[in-house]
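Remarks on the structure that follows.
Whatever order the structure lists them in is the order used to number ligands and atoms, beginning at 1. Counting from 1, the numbers follow the sequence of the chain as shown.
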Amino acid sequence: MSLVVQKFGGSSVADVDKIKNVARRVVDAKKHIDHVVVVVSALGDTTDDLAELAAQISRTPPEREMDMLLSTGEQISMALLAMALNELGQDAISMTGQQVEILTDKGHTRAKIRHVGADRVVQELRKGRVVVVAGFQGVTNEGEITTLGRGGSDTTAVALAAALHADYCEIFTDVDGIYTADPRAVPDAHKIDMISYMEMLEMAATGAKVLMARSVEYARNYEVPLHVRSSFHSGVGTWVKSEDDIMEKAIVSAVTHDFSEAKVTIIGVPDEPGVAANLFGSLAEANINVDMIIQNVSERARTDISFTVNKDDVDKVRPIADNLVSSLGAEGSNYNDDIAKISLIGAGMRTHPGIAAGMFKTLADNGINIEMISTSPIKISCVVRREDGENAVNMLHEYFSL
Ligand code: ASP
Ligand code: MG
């Protein structure tokens with residue numbers, strides 16, 4: 001028996017005609033797949049619009065109420081799609097996260113899935129129905145509705161695919177697949193046929209927006225093959241699979257950029273044990289994600305520590321940094337949100353020397369200064385000035401012949 005989970009994003013269900021189009025695609029899929037489960041996002045910009053309504057009422061709405069509000073978006077699309085399917089003669093039933101039993105922790109607005117029940121989904125599938133599930137939402141053990149963070153419908157789809165032991169999970173979106181770079185910044189970018197979970201995870205973490213990073217983590221942990229493809233035509237997209245299943249491995253697979261981070265520097269901190277632990281401990285306590293970190297060599301027993309955070313978190317960092325500056329007798333702090341993080345990703349880097357050198361040389365030859373560097377076994381990231389960002393991705397894309 002074949003079973004596939006198909007997820008349609010907000011732009012794929014933006015209006016009634018698009019919903020009808022999705023219904024036709026699902027009916028087509030059902031001709032050659034025994035069981036189809038569909039996960040939907042909210043119509044178009046509904047989630048943004050709902051958040052905007054809340055913002056007009058409160059700057060700090062209770063997170064529980066935000067989840068009550070935001071989870072309504074997906075309930076609209078699931079019901080409309082189930083109606084459209086029934087209209088085409090395909091028996092279908094919609095279900096909320098709670099009805100499916102998508103159990104999460106209590107982290108309102110960014111909850112993590114703990115368990116997927118799915119017994120009812122299986123019962124409905126056995127009746128020959130298509131089950132349409134509201135993405136992005138779950139429920140706590142206490143019966144409180146939660147949401148999974150922006151873009152969370154991807155994670156709903158992959159988690160369901162894992163729980164149902166689906167053959168694969170298809171993510172239908174408004175692009176043709178995963179590209180070697182963001183085509184809006186790099187005109188030469190092209191679609192990748194196949195990429196490993198690890199590379200996709202690095203891409204999602206360094207600015208590629210096609211998939212929510214957590215959904216890729218989930219897919220890797222449960223080895224759910226992902227197919228990212230267009231909802232507007234039937235062409236093949238990009239398959240995300242485990243590295244062992246990929247025959248032709250590229251050395252460098254993609255170059256990504258991220259303009260959403262800011263750089264914070266604490267100047268002249270005493271070079272002694274416990275300083276970094278103190279700083280990053282306080283940031284972690286405040287739930288602030290730190291990305292890159294560098295500490296300079298110390299002169300006169302003092303050093304500078306720089307790190308990057310999301311621009312939205314800078315206001316939360318300031319009081320923590322000020323506190324540290326005064327308690328340690330550091331010289332001060334500064335903030336720069338005019339930066340771009342440019343990353344090169346490729347599983348082949350592990351075995352091919354010279355990739356980092358090629359990246360640095362390309363940037364140097366184009367007069368682009370590197371402000372920070374960080375690496376993983378399959379990724380090299382550089383922070384450069386924001387104004388150099390587009391040029392940097394284009395030059396790297398060309399140098400590595402992507
Ligand atoms: N509707 C939610 C959002 O816009 C979830 C999703 O689209 O995946 O973030
Ligand atoms: Mg959306």
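Aromatic rings of Phe307 and Phe280 (six-membered ring for Trp) have centroids within the 6.0 Å cut-off, being under it.
Checked for salt-bridge contact, Asp365 and Lys361 meet the test: a charged N lies under 4.0 Å from a carboxylate O.
Judged by distance alone, the side chain of Thr147 and the main-chain N or O of Asp67 form no donor-acceptor pair under 3.5 Å.
The closest approach between a heavy atom of Gly151 and any atom of ligand 1 is below 4.0 Å. Residue contacts with ligand 1 include Gly152, since one of its heavy atoms falls under 4.0 Å from the ligand.
Residue-level proximity to ligand 1 for Glu74 is carried by the side chain, the only part with a heavy atom below 4.0 angstrom.
Of the polar atoms of Thr47, at least one N or O is found under 3.5 Å from an N or O of ligand 1, judged by distance alone.
Residue contact check: Arg150 has heavy atoms under 4.0 Å from atoms 3 (C), 4 (O), 9 (O) of ligand 1.
Every pair passing salt bridge (charged side-chain N to carboxylate O under 4.0 Å, His left out) that includes a residue from residues 52-64 is listed here, sequence neighbours excluded: Glu63-Arg110, Arg64-Glu144.
Considering only residues two or more places apart in sequence or on other chains, Asp291 meets the salt bridge (Lys or Arg N to Asp or Glu O under 4.0 Å) condition with Lys341.
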